Amino acid sequence: MRYLAEGLRLPTNGLDYTILAIYFVVVLGIGFAARASVRTSLDFFLSGRSLPAWVTGLAFVAANLGATEILGMAANGAQYGVYTVHWYWIGAIPAMVFLGLVMMPFYYGSKVRSVPEFLLHRFGPSSHLLSSIIFAVSSVLIAGVNLYAMAIVLEALLGWPEWVAIVVAGFFVLAYITIGGLSSAIYNEVLQFFVILAALIPLTIVGLKRVGGWDGLTDTLTGSHGGAFLSAWEGTGVGSPNPLGANWLTIVLGLGFVMSFGYWTTNFAEVQRALSAKNLSAAKRTPLIAAFPKILIPMVVIVPGLIALVMEPTLGKAGSGLQYNDAIPVLMRDLLPNGVLGIAVTGLLAAFMAGMAANVSSFNTVFTNDIWGAYLKKDREDAYYLKTGRVVTAVGVLIGMGTAFIASSFSNIMNYLQTLFSFFNVPLFVVFIIGMFWKRTTPAAGFWGLLSGTVAAMVNYFWLYKGGIVDIPSDQGANFVSSIVAFVVGALVMVVVSYVTRPKPAEKLAGLVYGTRSPDMDELPAEGDDAWYRRPALLGWGAIILAAICYVPFSF
């Protein structure tokens, strides 16, 4: 790490540090401004369900625009090439549309505070507690990824020791969430979204100019890596080799369906933003509004990864001292002048803090409401849970600091994140999707389906893949297979258990199964006018069509 830091050290000056300091002051200022609106636990955990759709929509995409996007997807671009666009156009957009149009009415209409709480209503305490523990563990693990990613960048670029970077960023996230709750996190995420773009757009434009434009970039990479490296679908036939180590079947089923729907429809760090919307229409439009910037993010994340590979051909090679995770820092070192450099460093910090804040805020909600309040300290006054939420926030940040070091064993943090998603999110998705569309699904089936799917994914990854029993060309390919295995095993177990155990009475499933409606739906706030740009179905189909169009230039 010390060698890496010396190799990537940036010539920062007082101007860059001033920009960074201003950003931190604004972040804390937003936290203090949001504090006035936090009077109840609902205000702290879900912003009192009062935010407009455009705010929750931008926060929705910004919450995901953390280490996963900035370092992870740039690393994927350098390692796997244009195949990385699958994580966006087939691996995000359809699932985000499905969440908005199909699942948000269940989440928002049932008035739950968290995703596990929905499972409590549908399946009962066993599934609820298991899913709550899974959510809590995965949230702090992913928060640690963002902290680790930020630490290596600050150590490399600014010379800060790794532990200092972790403590400083953790402190600021802790401060503004503890002070202002979810409202502070969300409004900071909206700010962070624009700061991130202000950092990535100049980096991409200057980088393209340095390598001779798009033609110069593609000519160089075609010569060094072959034409398939710049194609989304070439070489993805079953049995055909390609850099990703996956075929069209595992891409469509493993990534496009199982992993994608598993993440976007059940990951509470994202769903929580939609639950904070002011009415059902705004909640449905939250992921749909987020889908449009999500479609365009590859242009400022994957393309810089390709540019970095041209400028540093040894990136990711043994003995070079540069991992694929270093793609963005390499470009910042080589391309940006002071001032712009300060904006870029601030943008990276914003991304990591947004990702960490999203997971910490979901952790404090799930732990306080679904574990502490549901099973350990029941029926206390609201002020008690508000205080507990603030304490749990601090605990979550401290645990995230510890889990940051787990991520250090992966040269591509996206591989690590996708591994976590296959373990935790996919089994949750299979339980949700079957329970939501099949009335016969029983409470016991929910618990055993969730447990068996999680175990099956881990067995496939650690025993079959890592043990060399099954030959899979890459970690990402193994993650796709683990996701399919988790889905199939979880689904089969749920079907079998459902037929040998007793389902809930039909009257207790109102509003929890597709085609039924809860009486609580009639008590929801009015949805506003019926203007065309507010119609969720129109937004959803527009996002799907635009994503499909984006594939065209990379497919032939």
Side-chain angles (χ1 to χ4, degrees), residues 60-99 142 145-146 149 196 200 229-234 236 242-267 269-270 287 290-306 324-325 327-328 351 355 410 412-422 425-426 429 474-484 543-544 546-548 550-551 554-555:
F60 188 99
V61 71
N64 181 252
L65 199 57
T68 307
E69 300 284 322
I70 307 303
L71 291 189
M73 284 303 183
N76 264 12
Q79 185 172 1
Y80 303 121
V82 171
Y83 291 108
T84 309
V85 299
H86 293 308
W87 269 270
Y88 293 85
W89 300 336
I90 197 174
I93 303 306
M96 293 168 74
V97 171
F98 183 83
L99 171 64
I142 297 172
V145 173
N146 285 280
I196 291 164
L200 293 178
F229 196 74
L230 295 171
S231 170
W233 294 105
E234 185 177 342
T236 60
N242 60 67
L244 188 58
N247 56 58
W248 68 268
L249 188 61
T250 55
I251 290 172
V252 172
L253 292 182
L255 174 62
F257 176 60
V258 179
M259 289 190 79
S260 170
F261 279 66
Y263 175 80
W264 290 102
T265 64
T266 68
N267 186 44
E270 312 295 336
F292 288 91
K294 184 72 175 176
I295 291 171
L296 303 176
I297 293 295
M299 309 309 173
V300 292
V301 175
I302 298 174
V303 172
L306 299 175
Y324 290 114
N325 289 333
I328 293 291
F410 288 76
N412 183 335
I413 55 176
M414 180 50 111
N415 290 342
Y416 175 54
L417 285 166
Q418 295 293 319
T419 301
L420 294 179
F421 296 155
S422 69
N425 291 92
V426 171
F429 172 63
S474 69
D475 285 347
Q476 289 290 10
N479 291 332
F480 295 165
V481 174
S482 293
S483 299
I484 295 173
I544 293 286
L546 182 57
C550 288
Y551 263 121
F554 297 102
S555 300

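Small disclaimer: the values here were computed from a predicted structure and weren't measured. Residue numbers start at 1 and run along the sequence shown.
For Trp233 and Tyr551, the ring centers are positioned less than 6.0 Å apart. Between Phe480 and Trp87, the ring center distance clears the sub-6.0 Å criterion.
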### Query
How far apart are the C-alpha atoms of Tyr88 and Ile295, what are their side-chain angles, what is the distance that settles it, and do they pass the side-chain contact (heavy atoms from CB on, under 4.5 Å) test?
CA-CA 6 Å; Tyr88 293 85; Ile295 291 171; over 6 Å; no
### Task
Take Thr250 and Leu255 through the test side-chain contact (heavy atoms from CB on, under 4.5 Å) and record every step on the way to the result.
CA-CA 7 Å; Thr250 55; Leu255 174 62; over 6 Å; no
### Query
Where do Tyr83 and Phe554 land on the side-chain contact (heavy atoms from CB on, under 4.5 Å) test, with the steps shown first?
CA-CA 9 Å; Tyr83 291 108; Phe554 297 102; over 6 Å; no
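With rounding to the nearest 0.5 Å, the separation of CG in Leu420 from OH in Tyr263 is 11.0 Å. Distance CD1/Ile297 to CG/Leu200: 7.5 Å, rounded to 0.5 Å. To the nearest 0.5 Å, atom OG1 of residue Thr84 and atom CD of residue Gln79 are 8.5 Å apart. Distance CD1/Ile484 to CG/Asn479: 11.5 Å, rounded to 0.5 Å. The structure places CD1 of Ile544 at 10.5 Å from CE of Met96, a figure rounded to the nearest 0.5 Å.
The nearest pair of heavy atoms linking Gly305 to Ala327 is CA-CB, 4.3 Å. Residues Ile70 and Ile328 come closest through the heavy atom pair O-CG1, 3.5 Å. In terms of heavy-atom proximity, Phe229 sits nearest to Ala78 at CZ-O, 3.6 Å. His86 approaches Ala232 most closely through the heavy-atom pair NE2-O, 2.5 Å. Listed here is the closest heavy atom pair of Ile302 and Gly77: CG2-CA, 4.0 Å. The two residues Phe60 and Ala290 have their closest heavy-atom pair at CD2-CB, 3.5 Å.
Between the side chain of Ser260 and the main chain of Gly91, a donor-acceptor pair closer than 3.5 Å is present.
For the pair Cys550 and Val85, the minimum side-chain heavy-atom distance is 4.5 Å or more.
A perpendicular orientation is assigned to the rings of Phe257 and Phe429, their planes being inclined by more than 60° (bins at 30° and 60°).
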